[in-house]
Amino acid sequence: MATATWDIFCRVVDNFGDVGVSWRLARMMAREQGKRVRLFIDDLTVLGKLRPEVDPAHDIQKLDGVEVVRIREPFDSVDVADCVVETFGCDPPEEYVAAMARREPRPRWINLEYLSAEEWVEGSHALPSPHPRLPLVKHFFFPGFTARTGGVLRERSLLARRDEFQADEGARAAFWKSIVGEVPPTDALKVSLFSYAGAPIESLARCAAHSGSPTWLVAPEGYAATALAAWQLTGRARDSIRCFTIPFLAQDRYDQLLWACDVNFVRGEDSFVRAQWAARPFVWHIYPQEEGAHWVKLSAFLARYTAGLDRLQASAFAAMWDAWNRGAEPGSAEAVKPSLAEAWARFVARREGLTEHARWWSASLAARRDLSAQLADFVDNVL
Ligand code: TRH
């Protein structure tokens, strides 16, 4: 039986991604799947960064067809929805889970997992997990890049809006004027920067300055912007390089920045996926995990992504990702400088081919249903 009401739970661990993904899913379930959606979230300030319209002082507010509710402890009892989604294993409040067990009929319960390109994901996708004590079953839903996973989020109108924007010189000029007050020269290489602390931003700026080719480095507020501003103060910038630190953009505007740039440096999960939809070459600063576990995750994606590239393009692409993530490792900045300079030069030299590949990759991902459509189908027609 199809579900009508959906409750989505999100707890902010750190950074923006948990909220970025949860908000995007909630909005799509309301707008595209016709569900009545409540998004329960414990920290509204982070959502307020992505959607400035959100008022962190309000416990309940409506936005884009989604009811945004602050999780308060003790949790006020509410009527349980037909379908409950907890994002990234965030555990809905105990009171709510107890109410789920009392509800007739039992609600569908989904745990939306983190995105990975690793092969094991296919074997874990859609598996059930009975609750140890209560008459409830949770199902794991894994995003991914293959047909045997849940896919990735893609709004219905996204690619048409992207193509329109990328084809419209006036729209792009207006966008640039709105964020930096001027329009980049046509021959400038436009690079967006979004990274974790420690990413070799200064080394990259130095490489770009030495290249002598006109380059714009644009960093929304955050680690990359702080590092870029610090590098600017060293006075090593040259006429050929322009550095812009801009305010954190609303989530939909950030898409436009990715569409307007020639190369995008991204991180985490949501910006990583948005960079793929932007159909431009990108560099992923993966969230560092203990004992270097993140390298396995990074290589798994690189193997899938570079499969369609020729040998030189693939090695240039992989070398740039390696230098960028290795450069972020404590105490490695000096050691990677040479490899970053070489990697950046090889990457930029192959930009045309890498852009063509980025378009192909985006089109091949778009050939499959997006995650929100697959999740709605799974919940309404499989469970
Ligand atoms: O902020 P992140 O590093 O979040 C990550 C992910 O949650 C990841 O799963 C988790 O393991 C890690 O934290 C701990 O990166 P991510 O996922 O790219 O989320 C950033 C969000 O911020 C994304 O929705 C895009 C948005 N954004 C804007 O809206 N405006 C901006 O100016 C920028 C730079 C980003």
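Remember, it's 1-based here, ligands and their atoms both numbered in the order they're listed.
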Hey, any chance Trp360 and Phe347 share a hydrophobic cluster, counting ILVMFWY side chains that come within less than 4.5 Å of each other, even indirectly? yes
Go through the steps for Glu182 and Trp176 under the test side-chain hydrogen bond (donor to acceptor under 3.5 Å, both in side chains), then give the verdict. CA-CA 6 Å; Glu182 54 184 297; Trp176 281 113; over 6 Å; no
If you measure only the distance, is there a donor-acceptor pair under 3.5 Å linking the side chains of Thr146 and Glu122? yes
Ligand 1 N/O to protein N/O, distances under 3.5 Å:
from, atom 1, to, atom 2, distance (Å)
ligand 1, 1 (O), Phe16, N, 2.8
ligand 1, 1 (O), Gly17, N, 3.3
ligand 1, 1 (O), Arg267, NH2, 3.0
ligand 1, 3 (O), Tyr196, OH, 2.6
ligand 1, 3 (O), Arg267, NE, 2.7
ligand 1, 3 (O), Arg267, NH2, 3.3
ligand 1, 4 (O), Gly17, N, 2.9
ligand 1, 7 (O), Asp18, N, 3.2
ligand 1, 7 (O), Asp18, OD1, 3.1
ligand 1, 13 (O), Asn15, ND2, 3.3
ligand 1, 17 (O), Glu269, N, 2.9
ligand 1, 17 (O), Asp270, N, 2.8
ligand 1, 18 (O), Arg267, O, 3.2
ligand 1, 18 (O), Ser271, N, 2.8
ligand 1, 18 (O), Ser271, OG, 2.6
ligand 1, 19 (O), Gly17, N, 3.3
ligand 1, 24 (O), Gln251, NE2, 3.0
ligand 1, 24 (O), Asp270, OD2, 2.6
ligand 1, 29 (O), Leu249, O, 3.2
ligand 1, 29 (O), Gln251, N, 3.4
ligand 1, 30 (N), Leu249, O, 2.6
ligand 1, 32 (O), Leu249, N, 2.9

Answer yes when Asp82 and Lys35 have at least one side-chain N-carboxylate O distance shorter than 4.0 Å, and no when they do not. no
Verify the ring-centre separation between Phe141 and Trp109: is it less than 6.0 angstrom? no
Could you list who else is in Tyr287's hydrophobic cluster, with ILVMFWY side chains joined at under 4.5 Å, directly or through other members? Tyr196
